[in-house]
Amino acid sequence: MKKVLLSILRDKSTDIKKFREIAKDLAYILAGEAGDLLEKEKININTPIDNAIGIKFKNDIVIVPILRAALSLLPPFLDFFKYATVGFLGLRRDEKTAIANLYYKNLPEIKKTDDVIILDPMIATGGSGIKAIEILKEIGVLEEKIIFVAVICSKIGVDEIKIRFPKVKLIYVEQDEKLNSTKFIVPGLGDFGDRFFGTI
Ligand code: PRP
Ligand code: URA
């Protein structure tokens with residue numbers, strides 16, 4: 001299902017309305033996968049018939065979308081993780097150097113036990129993702145408590161994140177082989193933020 005949806009996002013003839021709808025559908029699947037990776041604990045439940053053993057998420061959850069493109073993924077994640085707190089990191093790549101600059105930071109208090117889900121649909125050079133993880137580590141978040149959710153990543157970007165932060169769990173739909181001269185993912189889907197927000 002994920003790859004069917006991603007194929008629609010990749011298609012340059014997909015218009016903004018459809019792009020938004022499909023990005024949302026895909027985000028629900030990715031939110032489910034993130035939920036599968038979170039630590040659970042057993043709970044006792046009284047059903048209308050008998051007692052049952054169930055599970056619930058063990059820890060509080062913090063979601064950190066990297067502005068701007070990850071705002072597209074946030075609503076489905078909040079639908080699933082209804083009590084999550086949300087922190088924002090604004091990172092924008094310089095058009096010439098592709099180096100990500102931090103322009104906004106607004107993080108809630110994050111406890112040592114919290115699970116942190118970073119959202120960013122695209123991992124190209126990996127620079128934005130690496131900066132986001134570094135910022136979270138600086139305030140005491142443990143690597144093993146981080147799940148990074150993307151839609152498309154490049155091999156270079158994902159390898160870089162894995163080498164620097166081996167304990168961070170990565171979820172993505174597909175990995176593309178190359179970056180072009182302007183550090184866009186090839187074949188990719190173009191500029192996710194521009195296509196979602198209509199700023200092309
Ligand atoms: C895009 C994308 C990622 C980043 C990935 O954001 O949403 O955050 O580039 O590239 P990297 O791995 O090389 O850092 P962009 O800077 O275009 O900003 P936007 O989300 O506001 O469109
Ligand atoms: N950001 C995007 O949105 N797409 C790319 O291919 C690279 C960075």
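As a basis for the values below, the full set of heavy atoms in this structure was taken, side chains included, without hydrogen atoms, waters or symmetry mates. One-based numbering, in listed order, for ligands and for the atoms of each. Small disclaimer: the values here were computed from a predicted structure and weren't measured.
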Out of all atoms in ligand 1, which are within 4.0 Å of some heavy atom of [X]? Include the element for each.
{"X": "R92", "result": "16 (O)"}
{"X": "I123", "result": "12 (O)"}
{"X": "A69", "result": "7 (O), 20 (O)"}
{"X": "D120", "result": "2 (C), 3 (C), 7 (O), 8 (O)"}

Between [X] and [Y], is any pair of side-chain heavy atoms under 4.5 Å apart?
{"X": "K2", "Y": "E33", "answer": "yes"}
{"X": "L78", "Y": "L74", "answer": "yes"}
{"X": "K162", "Y": "L170", "answer": "yes"}
{"X": "F148", "Y": "D120", "answer": "yes"}
{"X": "I118", "Y": "I66", "answer": "yes"}

Is the shortest N/O to N/O distance between [X] and ligand 1 below 3.5 Å?
{"X": "A124", "value": "yes"}
{"X": "D194", "value": "no"}
{"X": "G126", "value": "yes"}
{"X": "R93", "value": "yes"}
{"X": "T125", "value": "yes"}

Of the protein's non-hydrogen atoms, which lies at the shortest distance from [atom], and what is that distance?
{"atom": "atom 5 (C) of ligand 2", "answer": "F184 CD2, 3.4 Å"}
{"atom": "atom 22 (O) of ligand 1", "answer": "R68 NH2, 3.1 Å"}
{"atom": "atom 17 (O) of ligand 1", "answer": "D191 OD2, 4.0 Å"}
{"atom": "atom 1 (N) of ligand 2", "answer": "M122 CB, 4.0 Å"}
{"atom": "atom 18 (O) of ligand 1", "answer": "L91 O, 4.0 Å"}
{"atom": "atom 3 (O) of ligand 2", "answer": "F192 N, 2.8 Å"}

Whether over 12 other heavy atoms sit under 6.0 Å from [X] [atom1]:
{"X": "R10", "atom1": "CZ", "value": "yes"}
{"X": "K24", "atom1": "NZ", "value": "no"}
{"X": "Y83", "atom1": "OH", "value": "no"}

**Study point:** Charged N-O contact under 4.0 Å between D25 and K18
**Key:** no

Check your understanding: Looking only at non-hydrogen atoms, which of A98, G193, S128 approaches atom 4 (C) of ligand 1 most closely?
Key -> S128

**Study point:** Ring geometry between F81 and F77 (parallel below 30°, tilted from 30 to 60°, perpendicular above 60°)
**Key:** tilted

Between the side chains of [X] and [Y], is a donor N or O closer than 3.5 angstrom to an acceptor N or O?
{"X": "Y104", "Y": "N106", "value": "yes"}
{"X": "R195", "Y": "S72", "value": "no"}
{"X": "S154", "Y": "D176", "value": "no"}

Review point. Any nitrogen or oxygen of I185, main chain or side chain, under 3.5 Å from a nitrogen or oxygen of ligand 2?
Key: yes

Exercise for review: Check whether any N or O atom of G190, backbone or side chain, sits under 3.5 Å from an N or O atom of ligand 2, and answer yes or no.
Suggested key: yes

Exercise for review: Can you confirm whether something in the protein, heavy atoms only, sits under 4.0 Å from atom 6 (O) of ligand 1?
Suggested key: no

Check your understanding: Is there a protein heavy atom at a distance of less than 4.0 Å from atom 1 (C) of ligand 1?
Key -> no

Exercise for review: Give a yes/no verdict on whether any heavy atom in S154 is under 4.0 Å from an atom of ligand 2.
Suggested key: no

Practice item. Assess R93 for proximity to ligand 2: is some non-hydrogen atom of it under 4.0 Å away? Key: yes

All N/O donor-acceptor pairs, side-chain side in residues 51-60, below 3.5 Å, sequence neighbours left out:
residue, atom, partner, partner atom, Å
K56, NZ, E41, OE2, 3.0
K58, NZ, E39, OE2, 3.4
N59, ND2, D115, OD2, 3.2
D60, OD2, K111, NZ, 2.7

Review point. Looking only at heavy atoms of K183, does any of them come nearer than 4.0 Å to an atom of ligand 1?
Key: no

